[in-house]
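Notes for the one structure printed next.
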Amino acid sequence: LSSLSSSSSSSSYVSSFASSASTSTVPSSTTSVPVALTSPSGAVAKIAPKHKRSSRSSGDLPISNSHTADLLPKPEKRSRSCSSSSRSDSQKRPREPEGWMDAWTLIEEMRSQTEAPVDVVGCEMLGDQSAEPAVFRFQTLVALMLSSQTKDETTAAAMQRLREYGLTVDRVRETSEQRIKELIYGVGFHNRKAEYIKRTADLLAEQHQGDIPRTLRGLVSLPGVGPKMAHLCMQCAWKETVGIGVDVHVHRISGLLGWTRKAKNPEDTRAQLEAWLPRERWRPINKLLVGLGQTVCTSQRPRCADCLAAPYCPTGRRNLRLSKPPSLRSTSASASASASSSTSGSNKSSSASSPLTSSPTFSLVASSASSPPLKVKMESTSNDHQSSATDEQTPHQKKKARNQ
């Protein structure tokens, strides 16, 4: 009798539970035995034991029928790509080179005292500003095309001959390619550039109503126009700055100053500079560094002794055997002091007595008409470093002083 009563009670419990199978919830005390349930729609649900419940189901019954499984909430997938990409972008964000603002100021001071060819016969000055705007923009583009692998003086002479002949889109289309070669003779690769100028004039007349494109992509699509020419043309012709124009001078001097790291080509230099340099300096950096490369920081024999920014230039410090200027040393000393204080408190006394405070300080003095171009002065703060300025000069500086 007891067994019959228990079996009848269990069957009544199962039948009552089958009517509410659509809720898909089972009390934890009744999940010790697997039970097959049938819902009114015909779907079959199986109640698994508690210790065999799948870890993927968030408290719900493991449904074997696909139609019923679609009704159950599915766990959301966590996307890790967004967090990892944002984290990688923040880690790859470059920092500003230390002392770049001081170096920039000193280079501007040198450039204001010395006139470079780019200041007189630069590409932005070779167009006829009194002509129509479309004609002036076309002449600026032609000047940039001729300036590749050519000195500014040679480019200016070729542009003078072209302007006297008539440098407009219609005039170039009427002129033969051989005549253009004769007019621009002397510039680098004049045969190929004559072909580029002729084809460019035809494209501008057919596709751009006789004017140059106003987008970077449109300028690069023209024959013989690269990224550097396109960026400079946007600045000079359209008065819009969309990037930095990097030529051989900007590419080389940026690496010497430590403003770029292992740049493989001018485009790599442009990307590195645009990553940290303020946008308002994107336009003047080209003329600033080109003039410096034409006068002081030449490619064959850079005159580091005449450069006021030599203490802020890793190459200049190495050539002149100079130490870091006080501003850079104070920055590095404060960084090392903060790092040592964060690791242990006992290093505070050692950082206070750092040898940087007692090391000699180098300072540059501007040259006069009767004095050497550069003097290196020693200002020692301790009695252990007392030496004259002539003892610390390089042999090149001593020879230069004797000659004067």
Answer yes or no: is there a side-chain heavy-atom contact under 4.5 Å between [X] and [Y]?
| X | Y | result |
| --- | --- | --- |
| Ile197 | Leu146 | yes |
| Val246 | Lys228 | no |
| Val250 | Leu273 | yes |
| Glu108 | Leu288 | yes |
| Arg173 | Asp202 | yes |
| Lys287 | Arg111 | yes |
| Val225 | Leu144 | no |
| Leu232 | Asp247 | no |

Looking only at heavy atoms, what is the nearest atom pair of [X] and [Y], with distance?
| X | Y | result |
| --- | --- | --- |
| Leu167 | Gln139 | O-NE2, 3.2 Å |
| Leu277 | Trp100 | CD1-CZ3, 3.8 Å |
| Ser147 | Cys123 | CB-SG, 3.5 Å |
| Met110 | Leu308 | SD-N, 3.1 Å |
| Gly210 | Val169 | O-CG2, 3.6 Å |
| Leu219 | Cys233 | CD1-CB, 4.1 Å |

Distance from [X] atom [atom1] to [Y] atom [atom2], nearest 0.5 Å?
| X | Y | atom1 | atom2 | answer |
| --- | --- | --- | --- | --- |
| Cys313 | Leu320 | SG | CG | 9.5 Å |
| Thr175 | Gln178 | OG1 | CD | 12.5 Å |
| Leu204 | Asp211 | CG | CG | 8.0 Å |
| His231 | Arg283 | NE2 | CZ | 14.0 Å |
| Ile184 | Tyr165 | CD1 | OH | 13.0 Å |
| Thr241 | Arg281 | OG1 | CZ | 14.0 Å |

Distance-only, no hydrogens or angles: does the [X] side chain make a donor-acceptor pair with backbone N or O of [Y] under 3.5 Å?
| X | Y | value |
| --- | --- | --- |
| Arg303 | Thr295 | yes |
| Glu274 | Ile244 | yes |
| Ser148 | Met145 | no |
| Thr150 | Gly188 | yes |
| Trp238 | Pro213 | yes |
| Gln272 | Arg261 | yes |
| Arg252 | Cys297 | yes |
| Asp268 | Asn265 | no |
| Trp104 | Ile285 | no |
| Lys193 | Val142 | no |

Regarding Arg161 and Glu182, does a basic nitrogen lie under 4.0 Å from an acidic carboxylate oxygen? no
Charged N-O contact under 4.0 Å between Glu195 and Arg192: no
One pair to check against side-chain contact (heavy atoms from CB on, under 4.5 Å): Ile253 and Ile107. What are the steps and the verdict? CA-CA 12 Å; Ile253 297 177; Ile107 293 173; 5.7 Å; no
Verify the neighbour count for atom [atom1] of [X]: are there more than 12 heavy atoms of other residues, nucleotides or ligands below 6.0 Å?
| X | atom1 | value |
| --- | --- | --- |
| Lys262 | NZ | no |
| Lys198 | NZ | yes |
| Phe136 | CZ | yes |
| Glu177 | CD | yes |

In terms of relative ring orientation, are Tyr185 and His190 parallel, tilted or perpendicular, with 30° and 60° separating the classes?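 The rings of Tyr185 and His190 stand perpendicular, inter-plane angle above 60°.
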Show your working on side-chain contact (heavy atoms from CB on, under 4.5 Å) between Ile180 and Val172 and close with a plain yes or no. CA-CA 8 Å; Ile180 297 177; Val172 171; 3.9 Å; yes
Under the side-chain contact (heavy atoms from CB on, under 4.5 Å) criterion, do Tyr312 and Leu257 qualify, and how do the steps go? CA-CA 7 Å; Tyr312 297 90; Leu257 290 171; over 6 Å; no
Residues Asp152 and Gln294: side-chain donor-acceptor under 3.5 angstrom: yes
